[in-house]
Number of protein chains: 4
Amino acid sequence: MTRQRAAGGEDGRRAATRLRLFGAAVEVIAEDGYAAATVEAIAERAGVAKGTVFYNFGSKDGLFTALLEHGIRQLAETMTRAAQAQESPLEALDAVIMAQLRFFEEYAAFARVLLTEMWRTAWQETIATLRREVLGVYADTLREAVIRGTVRADLDVETAATALFGMVLTTSIERRALHPTRPVEQLHATLVDLVHGRVADHLLSE
Amino acid sequence: MTRQRAAGGEDGRRAATRLRLFGAAVEVIAEDGYAAATVEAIAERAGVAKGTVFYNFGSKDGLFTALLEHGIRQLAETMTRAAQAQESPLEALDAVIMAQLRFFEEYAAFARVLLTEMWRTAWQETIATLRREVLGVYADTLREAVIRGTVRADLDVETAATALFGMVLTTSIERRALHPTRPVEQLHATLVDLVHGRVADHLLSE
Amino acid sequence: MTRQRAAGGEDGRRAATRLRLFGAAVEVIAEDGYAAATVEAIAERAGVAKGTVFYNFGSKDGLFTALLEHGIRQLAETMTRAAQAQESPLEALDAVIMAQLRFFEEYAAFARVLLTEMWRTAWQETIATLRREVLGVYADTLREAVIRGTVRADLDVETAATALFGMVLTTSIERRALHPTRPVEQLHATLVDLVHGRVADHLLSE
Amino acid sequence: MTRQRAAGGEDGRRAATRLRLFGAAVEVIAEDGYAAATVEAIAERAGVAKGTVFYNFGSKDGLFTALLEHGIRQLAETMTRAAQAQESPLEALDAVIMAQLRFFEEYAAFARVLLTEMWRTAWQETIATLRREVLGVYADTLREAVIRGTVRADLDVETAATALFGMVLTTSIERRALHPTRPVEQLHATLVDLVHGRVADHLLSE
DNA sequence: AATGAATGAGACTTCATTCAT
DNA sequence: TATGAATGAAGTCTCATTCAT
């Protein structure tokens, strides 16, 4: 049982170990950040020996980079799928916000890790993927809305995309920390209200 | 008795050293985070000996807590002043956003530090001040708007306050990293548009 | 499973390292005391890296506690064996004194460490073992002598035990420092004379 | 008031400061030993600034040496006086033991300091005084007893002196730590019994 | 594929000492 | 005579990494 499927093995013993290490790493790093996390603590939580981390990822840095790539890929896929399932750009925008909220609800630890590490110069290469593929979903949606004329043509789409992503990220963490039982739907409603200008809708005549 | 001191004793050799250390610390910590920053590097940048940090703050942790308190107090004062100078709540909201933007433009390093460290359980006590005094300015302004009827009564004011703060924080850092020459006024316009619902204003009929 | 281990597992690479560290530590600490001894010096004398001390004992304190326990256990065993091999209580007393003298002759460094550290509040828990198991041998022997009627019934046995232990300890160190070539038998004779009242034997008629 | 008595001043402000520092130092050093004691803690307990220690004694070492000399001189004087007040050598011996017990009852901290530091190579010069003047009192008394024929001529007087001093020192500390309320007279009785051979007096015929 | 004892560079921290006041 | 801010050498301890098993 232990050694079959020798070639092509995307699963098997080794892949299982790697996944366990991802899970342990994201939790440990979420608690005190990458620099403060120790390989020892990660290995212990994963139930393997310290040496195993180095056998599988070469270095602490290697583990973290692989973890970031793994998480970003999943987040990007989730959000892209959500955007594609919608008809109008504004519906898509709401759906993407919801997808990001749900993803961070399930992987709250990853949200923390992203927030604290995405600005470090150290992982720029990996974070570029985030900017391209995740912020890209927001940007594409907004661009589509501009094309369809449902959003003003002079909007700074890139900045708006960052603002949206940061807003959802920040409030996801805030919710987790302060109101963990509150349903995400409620948070979604508040954010969508804010973005759609429904906050002060009767002021638009001013 | 040897040297008469200005009332309140906020000067003197020791206080000057502490301020120099604040400046050095925020820069060093902004670069790679609290855990990765070394006391050695901070002391060196401040032009004092390593021991001086411990003489003045007791520990690396003590320095960081004092720094957070110092920065949060200043940010809170700036934003409060901005809010008070305005007539209507919506003007106040715009002014507060602008105040936060300008503060983070001048103290960009502090923005980075806040973003990455404000969610750690380690500094919860100090961060509570942030939540009370800084997010409080947003919340108070929104509440005033609710009272005056310019904002819907059922808005989740606390969450909206966090969303606004997080949006400004995230975009401030994004701007610094990606478009450092772009004037803050432009970023302010985008954010205000987003918040006021001017992004998709002609959609409100939908 | 890789290497079968002798029952009780008191060998192996790790156990050997710990023993080497005990030997080095007792020598270094004897020279200038626990507080003045450095982990660096201990590791160097043991021929291992500094980190190895912390890997094996967790802290300087942990090393010292383990060392005290190790030494006290050995001393207690030696003295207990000596007491048991004798017929009468007074022969046992002489034998125990001799056992303590010989032990401190071989492990002179440990004698120094005991004398200087056994009164610190820091190691009270470990020192309680000394009091129970080492002073206990003296106390038991004296008590047996009381029972057999060879010693006055109103003697404060506990205090006398401490006095004997302290006397042997002090003179062992004095001998080592001032007359290292003098045989222990000579010292033993003096102490036994003192204890047996042969110092001033013809005075008893007074 | 502050500056009179400029010459010959064995008292005045400076001498008072020195005495306060002796008192503080002996307490602090008794707790954790010379090496672990900090000048800061000593100064604080004495109610002066740290710099004052160095102004008065030049160094931590200087303070300790002065303290040892001060204490040893007092102990020697007390014991010498006790010996001279007696008629027979054996009465003198008892009186000296009692003097040492009483001194260590009053200056328990100094007893601890002596026990732990008197064997260090660091203070050999100062400790030589102890050996000459304090152990000397025991040795002289025993020698006088030999001359008067009340003690066997072949006794190793120097070793016996050390044994007596160490016995009193050890039991003084033990008493302080374990039975602080018990009167010294009781301890004195036990020790004198031991020394006079009254422990097993009816065995001498064996 | 995995382990864990050992390492050593580098971190935080302590503290005797100096010196301007 | 006394102070206390500042220093920097030296100490304890952490931890990513290596390697024999």
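Labels below follow one simple rule: chain letters A, B, ... track the order of the sequence lines, proteins then strands, and each chain is numbered from 1. Since this is a predicted model, take the numbers as computed values, not measurements.
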B:Lys60 to B:Phe54, cation-pi by 6.0 Å centre distance and 45° axis angle: no
Ring-face cation of A:Arg14 near A:Tyr55 (centre distance under 6.0 Å, axis angle within 45°): yes
Electrostatic pair D:Glu31-D:Arg45, nearest N-O below 4.0 angstrom: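 Looking at D:Glu31 and D:Arg45, the cut-off is met.
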From B:Leu114, B:Leu21, B:Leu67, B:Ile42, residue fulfilling side-chain contact (heavy atoms from CB on, under 4.5 Å) relative to B:Val26: B:Leu67
Toward the 5' end of DNA chain F, by each residue's nearest nucleotide, C:Gly58 or D:Gly47: D:Gly47
Within the structure shown, what part of the strands sits under 4.0 Å from [X] by heavy-atom distance: base, sugar-phosphate, or nothing?
X	answer
B:Ala41	nothing
D:Val48	sugar-phosphate
A:Ala37	sugar-phosphate
B:Ala35	nothing

Is any side-chain nitrogen or oxygen of [X] closer than 4.0 Å to OP1 or OP2 of [N]?
X	N	value
B:Thr17	F:dA5	no
A:Tyr55	E:dA1	yes
C:Arg14	E:dG4	no
D:Asn56	F:dA2	yes

Aromatic contact, A:Phe64 with A:Phe22 (centres under 6.0 Å): no
Interatomic spacing from OG1 in D:Thr121 to CG in C:Asp32 - rounded to 0.5 Å: 5.5 Å
Donor/acceptor link under 3.5 angstrom from A:Lys50 side chain onto base of E:dT3: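 No pair found.
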Distance-only donor-acceptor test, B:Lys60 side-chain atoms vs E:dT13 base atoms, 3.5 Å: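 For B:Lys60, whose side chain was compared with the base of E:dT13, there is no donor-acceptor pair (under 3.5 Å).
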[X] [atom1] to [N] [atom2]: how many Å, rounded?
X	N	atom1	atom2	answer
B:Phe54	F:dA9	CZ	P	16 Å
D:Phe57	F:dT1	CZ	P	13 Å
A:Glu40	F:dC13	CD	P	17 Å
C:Asp32	F:dG11	CG	P	12 Å
C:Asp61	F:dC13	CG	P	8 Å
B:Phe64	E:dC12	CZ	C1'	16 Å
B:Arg18	F:dA6	CZ	P	10 Å
D:Tyr34	E:dA16	OH	P	8 Å

Side chain to side chain, B:Arg120 and B:Ile127, heavy atoms closer than 4.5 Å: no
Paired stretches of DNA chain E - 3 or more consecutive Watson-Crick or G-U pairs, each distance under 3.5 Å: E:2-21 with F:2-21
Nearest-nucleotide comparison on DNA chain E, the residue closer to the 5′ end among D:Gly51 and B:Ser59: B:Ser59
Nucleotide nearest B:Thr38 when distance is taken to its side chain, options E:dA16, E:dA11, F:dT7: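 Closest nucleotide among those given: E:dA11.
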From E:dT3, F:dA6, F:dT3, nucleotide with atom closest to B:Arg13 side chain: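 Output: F:dA6.
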Shortest non-hydrogen separation from B:Leu68 to B:Phe110 and the atoms involved: O-CZ, 4.2 Å
